[in-house]
There are 4 protein chains.
Amino acid sequence: MADQHIEQRTRPRTERRRRADGEQSRRRILDAAAQIAGERGYDGTSIAAVSSRSGLPASSIYWYFANKDELIAAVIERSFGSWLSALDVPDDHGGDTDDRVRAMAGAVARTLLDSPDFLRLGLMLALERRPSEATARTKFLEIREIARNRVEGALRALAPSLPEESVRRLGTYVIAGADGLFIAHEIDGDTQDLVAMSELHAHAVFAAVTRELSLTHPQQHRSSS
Amino acid sequence: MADQHIEQRTRPRTERRRRADGEQSRRRILDAAAQIAGERGYDGTSIAAVSSRSGLPASSIYWYFANKDELIAAVIERSFGSWLSALDVPDDHGGDTDDRVRAMAGAVARTLLDSPDFLRLGLMLALERRPSEATARTKFLEIREIARNRVEGALRALAPSLPEESVRRLGTYVIAGADGLFIAHEIDGDTQDLVAMSELHAHAVFAAVTRELSLTHPQQHRSSS
Amino acid sequence: MADQHIEQRTRPRTERRRRADGEQSRRRILDAAAQIAGERGYDGTSIAAVSSRSGLPASSIYWYFANKDELIAAVIERSFGSWLSALDVPDDHGGDTDDRVRAMAGAVARTLLDSPDFLRLGLMLALERRPSEATARTKFLEIREIARNRVEGALRALAPSLPEESVRRLGTYVIAGADGLFIAHEIDGDTQDLVAMSELHAHAVFAAVTRELSLTHPQQHRSSS
Amino acid sequence: MADQHIEQRTRPRTERRRRADGEQSRRRILDAAAQIAGERGYDGTSIAAVSSRSGLPASSIYWYFANKDELIAAVIERSFGSWLSALDVPDDHGGDTDDRVRAMAGAVARTLLDSPDFLRLGLMLALERRPSEATARTKFLEIREIARNRVEGALRALAPSLPEESVRRLGTYVIAGADGLFIAHEIDGDTQDLVAMSELHAHAVFAAVTRELSLTHPQQHRSSS
DNA sequence: AATGAATGAGGATTCATTCAT
DNA sequence: AATGAATGAATCCTCATTCAT
């Protein structure tokens with residue numbers, strides 16, 4: 001913190017931070033909080049630690065965030081945002097359905113490897129049964145709902161005749177698999193290949209979709225795994 | 001904690017009552033700690049909270065457990081033990097392979113519904129990545145390894161020709177699905193049927209097994225779901 | 001605060017609008033501070049609270065007031081001023097002495113009911129005995145001295161032959177009763193009629209005056225209540 | 001604090017504090033809190049200050065008191081108790097009614113001079129409009145009710161035919177006068193003689209009692225000041 | 001005429017743990 | 001076999017105030 005401060009003073013004022021750069025401070029705080037929360041979880045993320053890692057005094061953190069809870073919520077939100085935008089780019093390309101599903105799964109897996117903060121943090125918050133007013137937890141649950149809607153949209157696009165009930169069930173299953181594989185990867189480290197496992201999961205989901213279809217419209221489909 | 005326990009057993013006790021009291025106190029502490037840790041996670045489980053919920057003074061907790069970490073480890077161990085014993089009973093019964101797999105999945109799901117503490121707590125610990133190799137976390141990872149060995153054993157029994165690499169991969173996938181579905185159930189409450197979802201997962205795994213077999217020994221298998 | 005105020009007046013202002021804004025901001029701050037200080041006392045009046053209630057940033061408060069202490073002093077001064085001016089109007093009217101005393105007491109009581117902030121705040125400050133001679137407290141004590149002088153003046157007018165020592169004593173007693181009744185009203189709410197109680201007090205004081213007179217000049221007076 | 005602690009260790013263990021003397025620690029904390037709160041009020045009484053004045057670490061204060069509020073409440077309660085017991089001793093003695101009233105007033109005044117903490121503190125709390133759940137304020141209001149009941153009892157004993165409404169009114173007036181004179185004494189220091197002023201107040205109340213009686217039972221009484 | 005941003009000191013309270021008894 | 005009391009470090013957060021713009 002100290003050196004940070006000194007650096008700021010000694011550095012010649014060539015580019016005077018436009019509008020007294022609070023944007024940068026806010027970002028520094030979020031960066032620090034994201035790192036620490038990613039390593040140590042919600043409770044392990046002390047304001048003092050964020051302060052010293054960000055170079056700003058603890059009291060300054062409260063200029064930008066009402067309290068620790070909202071700080072973590074902001075971390076989750078930003079992390080989710082950058083995950084989403086990383087995902088959005090490679091949306092459609094050729095190949096048959098199976099290939100496309102597998103590609104999507106791989107993309108999800110890869111982006112999770114890059115910015116997993118919101119997921120790890122969010123899962124921890126979700127598992128701890130904090131009072132429901134907790135901003136950070138609520139934020140994660142909102143985000144989770146967004147992700148689920150996307151997944152369900154993709155499932156509907158993939159199999160338009162799939163009944164809504166199946167869409168819900170398979171949506172849950174897709175996300176459950178992603179969560180579970182993410183956890184496996186977090187626990188076992190890089191010994192397990194998250195991308196390969198995700199493709200396995202995609203396969204399983206794909207098989208489940210066709211199976212559900214065959215149960216609903218028995219004449220139109222055959223087992224296709 | 002371990003030596004404490006042993007000491008209590010080996011030292012001859014003239015008065016039965018005393019020993020019973022000690023054991024009862026220990027149990028009360030564990031019960032309280034299990035409840036709280038299940039609700040609030042490792043950090044949220046303060047010694048003071050365990051003290052007031054158990055009715056015993058904080059210092060008494062340290063008579064039974066070396067420190068908080070070993071208390072939580074004991075909670076996990078006990079909870080896992082009761083989960084395992086609940087699982088052990090209905091091990092084998094007739095029906096074809098598919099049925100058997102589905103039955104196992106249902107049993108696992110049901111026991112998780114009954115005693116979910118160790119899994120929730122363990123997952124939190126696993127996600128938290130606390131720097132020092134905490135006893136409680138280690139204990140959970142050990143237990144997880146036991147569970148994985150069981151799963152892999154079942155997979156080998158199911159498909160003896162499955163290569164070891166596939167066994168590992170599918171073992172991971174089985175557990176990941178269980179974790180993910182457990183989380184989904186924790187988050188969404190009872191709106192999702194954990195048992196039905198587990199059977200869906202069992203199906204998916206079974207399909208994956210046959211698929212791996214067909215990839216490895218292409219001539220011997222056909223799709224069999 | 002004082003110089004700030006003067007500076008504002010002496011410096012010629014080209015634009016009328018600007019000056020009006022400044023004065024309005026100052027008033028907004030004082031209003032907010034008066035409300036909060038009336039409710040929560042000196043320590044309970046944080047600059048942050050005044051800032052959010054007034055809608056102006058905390059740093060702007062320091063543009064108008066040197067520090068918190070002078071802000072509170074200004075609150076007391078303004079509140080006292082408006083109390084005094086409310087009191088000044090109905091100063092003299094007919095009736096015998098008893099009536100006049102009672103009317104005065106009623107007037108005081110009514111104005112206290114209308115603007116009790118400065119008295120409540122002042123009493124809190126007076127009781128608090130903060131070590132450094134805080135401006136706000138001093139301001140209140142000055143004001144209290146002014147009020148006492150008025151009371152003593154009225155007593156002298158009422159009974160010119162009353163010795164100075166008695167004037168002092170009765171002046172103290174008048175104010176003590178007012179303070180006490182104000183407190184009773186603050187505590188018990190409207191269950192007690194402050195005006196009626198004030199008239200009771202006026203009676204008591206009047207009786208005490210005649211009593212003091214009879215002790216000093218025994219031959220000239222008789223009981224006259 | 002430090003020396004305190006050392007002293008405790010170096011002092012030879014001749015009299016080992018019976019039952020690990022928490023009673024003494026509690027008293028030390030209360031003493032410290034009473035001194036500081038008497039000087040600086042509720043907000044001015046920081047736990048850190050109580051800690052260093054009592055010689056016990058801040059965290060130990062929380063062994064005895066749930067929070068600062070309950071600590072102050074305990075201070076008020078104890079101070080009131082010792083005031084009451086100081087007051088109880090000289091209950092009845094000869095002389096005519098006027099003398100007796102004056103003696104009582106003098107006793108009250110003298111005891112207030114000795115242990116005024118509960119009154120100063122309580123008045124401050126009563127004036128600040130803290131949330132009603134505040135323990136300390138509530139405690140003071142309870143105490144005030146006890147004192148009022150006593151006063152009303154004394155009034156009834158003094159003039160059994162006094163109607164209840166007058167008893168209430170005069171009870172309020174007695175206490176208001178005491179509060180007001182106490183404040184006058186606190187503000188002006190020893191320049192005003194609290195005891196003499198209290199006797200003046202007693203006289204005024206006595207006159208008011210006879211006046212109320214004469215208004216209610218016009219034939220039985222005459223003005224008696 | 002103002003204000004966004006920053007800051008160090010201090011606020012109350014909880015923490016896991018120890019120790020004498 | 002247990003516990004009342006104590007403790008120092010850490011917790012989150014608020015405080016009044018400053019300063020560059």
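Order of the sequence lines sets the chain letters (A, B, ...), proteins ahead of strands, with each chain counted from 1.
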(message) For a quick check of understanding: with a heavy-atom distance under 4.0 Å over all strands, which category does C/Ser51 fall into, base, sugar-phosphate or nothing?
(response)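 No contact.
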(request) Give a yes/no answer on whether the side chain of A/Ser25 brings an N or O atom under 4.0 Å of OP1 or OP2 in E/dA5. (result)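 Looking at the OP1 and OP2 atoms of E/dA5, neither is under 4.0 Å from any side-chain N or O of A/Ser25.
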(request) Check whether any side-chain nitrogen or oxygen of D/Ser59 sits under 4.0 Å from OP1 or OP2 of F/dG8, and answer yes or no. (result)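 For F/dG8, neither OP1 nor OP2 has a side-chain N or O of D/Ser59 closer than 4.0 Å.
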What integer distance in Å separates [X]:[atom1] from [N]:[atom2]?
X       : N      : atom1 : atom2 : result
D/Asp43 : E/dA12 : CG    : P     : 9 Å
B/Tyr64 : E/dT17 : OH    : P     : 18 Å
A/Asp69 : F/dT11 : CG    : C1'   : 15 Å
A/Asp21 : F/dC19 : CG    : P     : 21 Å
C/Lys68 : F/dT14 : NZ    : P     : 15 Å
B/Arg26 : F/dA2  : CZ    : C1'   : 16 Å
A/Ile29 : E/dA5  : CD1   : P     : 11 Å
A/Glu70 : F/dC13 : CD    : P     : 10 Å

(message) Side chain of A/Tyr62, heavy atoms from C-beta onward: which of F/dT3, F/dT14, E/dG8 has the nearest atom to it?
(response)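 Nucleotide nearest to A/Tyr62's side chain: F/dT14.
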(message) Closest-nucleotide mapping onto DNA chain E: is C/Leu56 or B/Ala48 further toward the 5' terminus? I mean the 5' end.
(response)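 With C/Leu56 and B/Ala48 compared, the 5'-side residue is C/Leu56.
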Just by modelled atom types, is the [Y] backbone N or O under 3.5 Å from a matching donor or acceptor in the [X] side chain?
X        : Y        : value
A/Thr138 : A/Ala134 : yes
D/Asp69  : D/Thr135 : yes
A/Ser54  : A/Val50  : yes
D/Thr45  : D/Gly41  : yes
C/Ser60  : C/Leu56  : no
A/Asp31  : A/Ala34  : no
A/Lys68  : A/Tyr42  : yes

(message) Using a 3.5 Å limit for the pairing distances, which stems of at least 3 consecutive Watson-Crick or G-U wobble pairs does DNA chain F take part in?
(response)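 Expected stems, ordered by start: E:2-21 with F:2-21.
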(request) Report yes or no: is there a donor-acceptor pair, N or O only, under 3.5 Å between the side chain of D/Ser46 and the base of E/dG11? (result)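 No such pair is found, so the answer is no.
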(message) I'd like to know if C/Trp63 reaches the base of E/dA2 with its side chain such that a donor and an acceptor end up less than 3.5 angstrom apart.
(response)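 Side chain to base: pair present.
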(request) Map C/Ala49 and A/Ile47 onto DNA chain F by nearest heavy atom, then report which one ends up closer to the 5' terminus. (result)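 Of the two residues, A/Ile47 wins.
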(message) Nearest heavy atom decides the nucleotide; on that basis, is A/Asn67 or D/Ala58 closer to the 5' end of DNA chain F?
(response)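 By nearest-heavy-atom nucleotide position, the 5'-most residue is D/Ala58.
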